Amino acid sequence: MASTPPHCSITPSKPYQTHQHPPNPHLKSQGHSHRQNRHWTAQKVSLTKPLPSPPPRNAAKTGTSQTSLSQNPAFSSLCPLPAPKSELAAVFSGRRSTRFVSKMHLGRPKTTVGCRHTSIAEEALQHAIQSGKDDVGLDNVLLSFESKLCGSDDYTFLLRELGNRGEWRKAIRCFEFALRRERRKTELGKLASAMISTLGYGNTVYTYSAIISAYGRSGYCEEAIGVLESMKGSGLKPNLVTYNAVIDACGKGGVKFNRVVEIFDEMLRNGVQPDRITYNSLLAVCSRGGLWEAAQNLFSEMVDREIDQDIYTYNTLLDAICKGGQMDLAYQIMSKMPSKNIFPNVVTYSTMIDGYAKADRLEDALNLFNEMKFLAIGLDRVLYNTLLSIYAKLGRFEEALKVCREMESSGIVRDVVSYNALLGGYGKQGKYDEVKKMYEDMKAERVSPNLLTYSTLIDVYSKGSMYSEAMEAFREFKKAGLKADVVLYSELINALCKNGLLESAVSLLDEMTKEGIRPNVVTYNSIIDAFGRSPAAEYALDAASEGNELQMESSASILEDAFENEVGDKEDNQIIKMFGQIAIEKEGHAKKENLGNRQETLRILRVFQKMHELNIKPNVVTFSAILNACSRCNSFEDASMLLEELRLFDNQVYGVAHGLLMGYRENVWVEAQSLFDEVKQMDSSTASAFYNALTDMLWHFGQKRGAQMVVLEGKCRNVWETVWSNSCLDLHLMSSGAAQAMVHAWLLNIRSVVFEGQELPKLLSILTGWGKHSKVVGDSTLRRAVGALLASMGAPFEVAKCNLGRFTSTGSVVAAWLKDSRTLKVLVLHDDRSFPDTEKLGKVSPNLQTLSL
DNA sequence: ACCTAATTTT
């Protein structure tokens, strides 16, 4: 390592805040494909007594609306569970992005705080009063004064004075204008209290509703809910409009559905009857979370209440169902629309086409596209972008460019979404020249890059180890004055982790939390994965929790001076230095083997506990990362302790892992089977990662027979797309533990073929590939592991001369070896530990409580 | 007076 890891921070010097809300609990797995996933079964028979601290489920609502909500499958969390269900439950299933309200990341000029209103504000007030009745006049005044007005004090002054003069509409407009350029909590509070005290003189409920909707439009849903509460405190009765505004604000701000339902229930309890707008807003909440069952129930509630539906109702419902992956159901509903006299429009088709594409049903997507053309429904920018992103994502650039040309000839110019899709597409395929060219094009066309653009570029370049380019993208991102979000932070953290700069990664995690940006499961997965593989992990968390002062300046960056003045914030330079450092080191530094000790596992446990505290649901990637950490752990006791402790959080998943490790196979196998069933629902790369991690861990600790059983399960469920025939075994998607267990199984199978008296094929091959699927990219761990295994068994295979990733032998030589009486003994696998059936699995050690992060 | 749906990244 060339130097001390720099302390990395991307905090702007001003303490702006964003309000990221926890993503829906049904987080998607970190896998690649968007194939439809089913929920992990909600209720599982527990292996043990109910555990002391069941993971908090979705806050169960107490009241239930009169109609169908209580029968809604999506509300099954209302039923008391016999035992904590799989934490992975929700987790592996969703498909939605965990990034919310990205539209709200606006660049803001820096403001000075601490002064009373300025004379400029007085001047602005005069102009504002004189401005016309329409909003445009006031907007122009505000815009022309924007750069001169001094922080929230000036805005507070303005809206208060406007309120004093009975200009409610203008006051609210001004409030909303101020909201858009303010992210600091304290300043927001000032604005809101000014606005509410202004209300004291105003026409009350209406103005409250207007404030709520202003908050909603600016993405401040917590504040919107707060206004609803304060309204009740002041003895005012929220009406339909108020509730609609709050529910709508919740939808925009990413509030969890259950919480919104609480507000809805309260509304019903207060005798306020919902209308179409209420339901459309509720449906929008479902669509954001892919809660298709809840959406369906809301829809039928609407019908029951004889509330008319409109095209928005249908399109929002369809979106929820598409996001929930239920394409056949969506199609059915769409087909019934004309009979209700509501005709699918371009939005309907965009929604459906995107849904089909995300469900890997390209044919169906394109059929719908043709259908809409046949129906002469006009194509709009979003529809073109939808197509463009489909082709870009698939790497079908010919077709993507054809869409671009078609757009052009229809007079629709490419926007930032089109460019982002293309950048991501080219980036994913490693076509970096095209990425650069496209980005140049974008700038030449004066399309302003947004957060997603930079995020995509940074990610693409980091993944491609092009750190100078990533650094450049980051510099431009800072220059644009954009605010990072959870995805961008996670990308940076991942880049740091992957390059062994774990201390910097953890300090960045610390920072984002302080910034009010909630890390999500992806962020934590990077960290856990790094903890499992890096010896540098040891002290990183402690260092971070003691504060950023401890972090040292990077000492050896040639880039140190280059950007000092260009980028305003000193701390941003740390990120730039970090990229610079990685750029210089590139792949140069070998990763040391992790020695694995108790401290290590304790730290992983703490990270996991931290996730739990933050209510971040681990997913299958988390699980695999933890198992991989176990595999690198030298002590069986530590690994088993870790897994046992983790059973507190998720008894099913970690119970299986722990049970198999301990050799309680008879007892856990049924449970394991249902776990495997769940995994099978996930996309293939996630599923194979799970099997690889589990098998590696078992193999590493000598539970070889158990590992083999897991591998054979995986094979039966086709997670590796295994080629398994008498002449060939393809291991290239497998980890080394899985591959070795598989070799044993395959040879035993060949042996039985021989003993049945059948001829073996002339040539037998075992393919290991080139290791690009192994955990350590670019090496040939798998080939070496398989080679060593074959040699240790005395199996007569040789590395093929033409292909180093292939071991070959002739049928007759192998048959002779298999017939040897000593061979069977080396082929049959045993577990180092096994226990009779009577062994119980119940105990969970209590020392978890002593841990704190 | 409240609500205008669909597209892009980890």
Side-chain angles (χ1 to χ4, degrees), chain A residues 28 30 32 97-99 102-103 168-169 172 203-214 216-217 224 238-249 251-252 274-284 287-288 310-320 322-323 344-355 357-358 380-390 392-393 414-425 427-428 449-460 462-463 485-495 519-523 525-526 621:
Chain A
K28 73 177 189 182
Q30 213 173 336
H32 310 302
S97 164
T98 55
R99 175 177 274 172
S102 54
K103 286 169 203 153
W168 312 114
R169 195 185 168 84
I172 298 241
N203 42 5
T204 60
V205 182
Y206 296 159
T207 326
Y208 268 103
S209 303
I211 293 195
I212 290 169
S213 85
R217 276 193 295 274
N239 63 16
L240 173 65
V241 175
T242 322
Y243 278 112
N244 284 350
V246 173
I247 291 171
D248 177 66
K252 292 198 176 87
D275 67 355
R276 179 179 46 79
I277 293 171
T278 321
Y279 277 98
N280 285 353
S281 301
L282 284 168
L283 284 170
S287 116
R288 213 214 65 231
D310 61 8
I311 183 69
Y312 295 99
T313 316
Y314 270 99
N315 286 345
T316 314
L317 170 71
L318 285 175
D319 191 44
C322 289
K323 293 223 159 66
N345 62 9
V346 61
V347 177
T348 321
Y349 277 95
S350 290
T351 306
M352 292 293 297
I353 289 170
D354 185 61
K358 297 227 159 90
D380 70 357
R381 190 199 306 268
V382 175
L383 195 278
Y384 275 118
N385 281 340
T386 305
L387 289 175
L388 191 55
S389 82
I390 291 172
K393 210 174 281 173
R414 265 178 262 178
D415 66 0
V416 64
V417 176
S418 334
Y419 278 107
N420 289 349
L422 287 165
L423 290 171
K428 203 170 176 184
N450 64 12
L451 176 66
L452 257 66
T453 317
Y454 295 115
S455 201
T456 305
L457 288 173
I458 291 169
D459 187 55
V460 157
S462 296
K463 294 256 155 68
D485 73 347
V486 60
V487 178
L488 186 55
Y489 267 108
S490 301
E491 284 165 350
L492 294 172
I493 285 172
N494 191 46
N520 63 24
V521 66
V522 182
T523 328
N525 287 346
S526 293
V621 181

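Keep in mind the model is a prediction, meaning the values are calculated, not measured. Just so it is clear: chains get the letters A, B, ... in the order the sequence lines come, proteins before strands, and each one is counted from 1.
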Colleague: Indicate whether OP1 or OP2 belonging to B:dT8 is found under 4.0 Å from a side-chain N or O atom of A:Lys358.
Modeller: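 A:Lys358 to B:dT8 OP1/OP2: side-chain N or O found under 4.0 Å.
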Colleague: So, OP1 or OP2 of B:dC3: does either fall under 4.0 Å of a side-chain N or O from A:Arg217?
Modeller: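 The answer is yes; a side-chain N or O of A:Arg217 sits under 4.0 Å from OP1 or OP2.
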Colleague: Sequence neighbours left out, what passes side chain to side chain contact (heavy atoms under 4.5 Å, CB included) with A:Ala392? Give chain and number order.
Modeller: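 None.
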Colleague: Within the modelled atom types, does a donor on one side and an acceptor on the other bring the side chain of A:Asn345 and the base of B:dA6 under 3.5 Å apart?
Modeller: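 Donor-acceptor pair under 3.5 Å: no.
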Colleague: What pairs with A:Ser490 under side chain to side chain contact (heavy atoms under 4.5 Å, CB included), at least two apart in sequence or on another chain?
Modeller: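 Result, side chain to side chain contact (heavy atoms under 4.5 Å, CB included) vs A:Ser490: A:Val486, A:Asn520, A:Thr523.
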Colleague: I want to check one thing: is the phosphate of B:dT9, taken as OP1 and OP2, less than 4.0 Å away from some side-chain N or O of A:Lys463?
Modeller: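 So the side chain of A:Lys463 is outside the cut-off, no N or O lying under 4.0 Å from OP1 or OP2 of B:dT9.
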Colleague: Describe the nucleic acid contact of A:Ile311 in one word from base, sugar-phosphate, nothing, applying a heavy-atom distance below 4.0 Å.
Modeller: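 Base, at least one base atom sits under 4.0 Å.
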Colleague: Heavy atoms from C-beta onward define the side chain here; which of B:dC3, B:dA6, B:dT9 lies closest to that of A:Ser213?
Modeller: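 When the side chain of A:Ser213 is considered, B:dC3 is the closest of B:dC3, B:dA6, B:dT9.
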Colleague: For A:Ala224, what residues pass the side chain to side chain contact (heavy atoms under 4.5 Å, CB included) criterion, not counting sequence neighbours?
Modeller: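 By the side chain to side chain contact (heavy atoms under 4.5 Å, CB included) rule, A:Ala224 matches A:Ile212, A:Tyr215, A:Ala249.
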Colleague: Can you list the residues that meet the side-chain hydrogen bond (donor to acceptor under 3.5 Å, both in side chains) rule with A:Thr453, with sequence neighbours excluded?
Modeller: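 Partners of A:Thr453 by the side-chain hydrogen bond (donor to acceptor under 3.5 Å, both in side chains) criterion, ordered by chain and then number, come out as A:Asn420, A:Asn450.
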Colleague: For DNA chain B, find the residues of residues 239-248 of chain A with a heavy-atom distance under 4.0 Å and give them by number; none if there aren't any.
Modeller: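 Correct list: A:Asn239, A:Val241, A:Asn244, A:Asp248.
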Colleague: Under 4.0 Å between a side-chain N or O of A:Lys252 and OP1 or OP2 of B:dT4?
Modeller: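 Affirmative; the distance criterion is met.
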Colleague: Could you pull out all residues at least two apart from A:Thr278 that satisfy side chain to side chain contact (heavy atoms under 4.5 Å, CB included)?
Modeller: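 A:Thr278 satisfies side chain to side chain contact (heavy atoms under 4.5 Å, CB included) with A:Leu240, A:Asn244, A:Ile247, A:Phe264, A:Met267, A:Pro274, A:Asp275, A:Leu282 only.
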Colleague: Ignoring hydrogens and geometry beyond distance, is the side chain of A:Thr316 in donor-acceptor contact with the base of B:dA5 at under 3.5 Å?
Modeller: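 Donor-acceptor pair under 3.5 Å: no.
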Colleague: Of all the choices, B:dT4, B:dT10, B:dT8, which nucleotide is nearest to the side chain of A:Tyr312 once you look at every atom?
Modeller: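 Taking heavy atoms from C-beta onward, the closest nucleotide is B:dT4.
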Colleague: Send over the distance from A:Ile277 CD1 to B:dA1 P, rounded to a whole Å.
Modeller: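 In whole Å, B:dA1 P and A:Ile277 CD1 are 11 Å from each other.
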Colleague: Output the single nucleotide from B:dT8, B:dA6, B:dT10 whose closest atom is nearest the side chain of A:Asp380.
Modeller: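 When the side chain of A:Asp380 is considered, B:dA6 is the closest of B:dT8, B:dA6, B:dT10.
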Colleague: Does any donor-acceptor pair link the side chain of A:Ser455 with the base of B:dT9 at a separation under 3.5 Å?
Modeller: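 Per atom types, the contact qualifies.
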Colleague: Starting at NZ of A:Lys323 and ending at P of B:dA5, how long is that distance when rounded to a whole Å?
Modeller: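 Interatomic distance, NZ of A:Lys323 to P of B:dA5: 12 Å.
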